[in-house]
Number of protein chains: 2
Amino acid sequence: MDQLRDTLKVHHLRTTTCREDVLSTFINRKNALSHGDLEGALGENYDRVTIYRTLKTFLEKGIIHKVLDDEGLRYALCSHSCSEEKHQHDHIHFKCSACGETNCLENLHIPAVQLPEGYFPEHFNLLIQGVCPKCN
Amino acid sequence: MDQLRDTLKVHHLRTTTCREDVLSTFINRKNALSHGDLEGALGENYDRVTIYRTLKTFLEKGIIHKVLDDEGLRYALCSHSCSEEKHQHDHIHFKCSACGETNCLENLHIPAVQLPEGYFPEHFNLLIQGVCPKCN
DNA sequence: AAATATTCTGCAACCCCGTTGCAAGTTCGG
DNA sequence: CCGAACTTGCAACGGGGTTGCAGAATATTT
């Protein structure tokens, strides 16, 4: 409980029940969540718009990061908390075609790539799709 | 012209002006296109729905492939034509934060990754965001 | 060249995603 | 406990994407 408040405080956000609930949902379920997932979990308590704005705020403050997907955006907690100025993510995301879950593989980072002359990379996003350990 | 028809024929699709136009738009612009891009280019000639269905058909037949993006899906031509049964892509996509274009870097393929026990990878999708040679 | 079966297109309608403006409610510092 | 600053809910909107159906176009057969 207090941990939630602390996390919010560190990022200069007011503590509201919606923010606490969204944050604890991310912590309890370990995988990446879409807005729809959160609306399913909390939709009776909060307006859709509020959940959208909470996600947007968390993104800006570096509490969560985007996870790309071929059928819609998802979000996951930033492990080492990022700051408003700098998001740093170089880990791999894995989406299971059987159970549909997307997870961060925090320990695996994206291998370096030698780009041609003139390209200046800033962000990397690697999504691997396949079957996860739970589903085979 | 005839090349367009041939491509369609190879994939067992009837030649229609919409399909020819969508295909040639992909060939002329070299970069990845969203549905919106195509609607902008061809929207006066064809209905939105027809363009959606054309994209879906091309996807299924292996003429184009999905390109991940942090703000919506895009599509790009499959270089070595894929088949209905098997899409094979291991190249890198680069999105420029200045001009907004997304391009396939056909020559660069995604480095191998050693996944933990139990993961069975099937598809890989690496998006690098940054500044492209044209924009710096 | 005409008739047929098959496939494609346009239209209307619909649902979901995500955003914005505004008024009312809540948080936090003094 | 007061006021300033921020957050929420509501209503409304635009865009993305899909489906069903009737009419049009394409390919095939004779």
Side-chain angles (χ1 to χ4, degrees), chain A residues 1-2 4-25 32-61 63-75 84 100 102, chain B residues 1-2 4-25 32-61 63-75 84 100 102:
Chain A
M1 282 293 126
D2 278 350
L4 297 178
R5 295 176 155 236
D6 285 353
T7 303
L8 293 173
K9 208 161 238 171
V10 166
H11 294 277
H12 304 103
L13 292 174
R14 293 193 172 172
T15 66
T16 68
T17 58
C18 179
R19 287 175 177 167
E20 287 178 335
D21 283 356
V22 169
L23 191 49
S24 71
T25 305
L33 301 175
S34 66
H35 173 270
D37 294 330
L38 289 162
E39 201 180 337
L42 308 171
E44 294 177 3
N45 306 318
Y46 308 107
D47 192 86
R48 295 163 53 236
V49 180
T50 304
I51 297 175
Y52 275 114
R53 289 198 263 231
T54 302
L55 287 171
K56 195 174 180 181
T57 305
F58 281 9
L59 259 186
E60 287 167 1
K61 297 294 181 177
I63 299 175
I64 58 176
H65 63 279
K66 284 186 182 180
V67 179
L68 299 193
D69 191 297
D70 61 340
E71 52 186 6
L73 217 42
R74 299 182 187 219
Y75 306 89
E84 196 159 358
T102 305
Chain B
M1 283 295 124
D2 277 351
L4 297 178
R5 295 176 155 239
D6 285 353
T7 302
L8 293 174
K9 208 160 238 172
V10 166
H11 294 277
H12 305 100
L13 293 175
R14 292 192 173 173
T15 66
T16 68
T17 59
C18 179
R19 286 174 178 168
E20 287 177 336
D21 283 356
V22 169
L23 192 49
S24 72
T25 305
L33 302 175
S34 66
H35 173 271
D37 295 331
L38 289 162
E39 202 180 336
L42 309 171
E44 294 176 4
N45 306 319
Y46 308 106
D47 192 87
R48 297 162 53 236
V49 180
T50 304
I51 297 175
Y52 276 115
R53 288 198 264 231
T54 302
L55 286 172
K56 195 174 181 181
T57 306
F58 282 10
L59 259 186
E60 288 166 0
K61 299 293 182 179
I63 298 173
I64 58 178
H65 62 279
K66 286 186 183 180
V67 179
L68 296 193
D69 193 296
D70 60 339
E71 51 186 4
L73 219 38
R74 297 181 187 218
Y75 306 89
E84 195 159 359
T102 303

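Quick note on labels: first sequence line is chain A, next is B, and so on, each numbered from 1.
- Summarising the geometry, the separation between CG on A/Asp37 and C1' on C/dC16 is reported as 14 Å, rounded to the nearest angstrom.
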(request) Please test B/His65 against B/Tyr75 for side chain to side chain contact (heavy atoms under 4.5 Å, CB included), starting from the C-alpha separation and ending with a verdict. (result) CA-CA 6 Å; B/His65 62 279; B/Tyr75 306 89; over 6 Å; no
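- For A/Ser24 against A/Leu4, the heavy-atom pair with the smallest separation is CB-CD1, 3.9 Å.
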Below 3.5 Å, can you tabulate the donor-acceptor pairs from side chains in residues 43-50 of chain A to any protein atom, sequence neighbours excluded?
from	atom 1	to	atom 2	distance (Å)
A/Tyr46	OH	A/Thr17	O	3.4
A/Tyr46	OH	A/Thr17	OG1	3.2
A/Tyr46	OH	A/Asp21	OD2	2.7
A/Asp47	OD2	A/Val49	N	2.9

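- The side chain of A/Thr15 places an N or O atom within less than 4.0 Å of a non-bridging phosphate oxygen (OP1 or OP2) of C/dC28.
- A straight line from CZ of B/Arg5 to C1' of D/dA27 spans 12 Å, rounded to a whole angstrom.
- One interatomic measurement links the two molecules: CD of A/Glu39 to C1' of C/dC17, which rounds to 10 Å at whole-angstrom precision.
- From A/Leu55, atom CG reaches atom NE2 of A/His35 across 6.5 Å, with rounding to the nearest 0.5 Å.
- What separates CD of B/Glu20 from P of C/dC8 is a distance of 14 Å, to the nearest Å.
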(message) Could you walk me through whether B/Phe58 and B/His11 satisfy the side chain to side chain contact (heavy atoms under 4.5 Å, CB included) test, starting with their C-alpha distance in whole Å, then the side-chain angles of each, then the deciding distance to 0.1 Å, before giving a yes or no?
(response) CA-CA 9 Å; B/Phe58 282 10; B/His11 294 277; over 6 Å; no
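- Between B/Leu38 atom CG and D/dG17 atom C1' there is a gap of 14 Å when expressed in whole angstrom units.
- For the pair B/Asp21 CG and D/dA25 P, the computed distance is 16 Å after rounding to whole Å.
- When each of C/dT9, C/dG18, D/dT8 is scored by its nearest atom to the side-chain atoms of A/Tyr52, the top-ranked nucleotide is C/dG18.
- Summarising the geometry, the separation between CG on A/Leu55 and P on D/dT8 is reported as 12 Å, rounded to the nearest angstrom.
- Atom P of nucleotide C/dC8 and atom CG of B/Leu8 are separated by 10 Å, given to the nearest angstrom.
- Contacts of residues 41-49 of chain B with DNA chain D (heavy atom under 4.0 Å): B/Arg48, B/Val49.
- Across the interface with DNA chain D, nearest-nucleotide mapping of B/His35 and B/Lys9 shows B/His35 to be the residue nearer the 5′ end.
- Judged by atom type and distance alone, B/Arg53 does not reach the base of D/dG17 through any side-chain donor-acceptor pair under 3.5 Å.
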(message) Could you walk me through whether B/Thr16 and B/Thr54 satisfy the side chain to side chain contact (heavy atoms under 4.5 Å, CB included) test, starting with their C-alpha distance in whole Å, then the side-chain angles of each, then the deciding distance to 0.1 Å, before giving a yes or no?
(response) CA-CA 10 Å; B/Thr16 68; B/Thr54 302; over 6 Å; no
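- Of the listed nucleotides (D/dA27, D/dT7, C/dG21), D/dT7 has the atom at the smallest distance from the side chain of A/Arg19.
- Using a 4.5 Å heavy-atom cutoff, the side chains of A/Leu68 and B/Asp69 are not in contact.
- In this model, the phosphate group of C/dT9 is approached by a side-chain N or O of B/Thr16 to a distance below 4.0 Å at OP1 or OP2.
- Side-chain N/O atoms of B/Arg14 and base N/O atoms of C/dT6 include a donor-acceptor pair closer than 3.5 Å.
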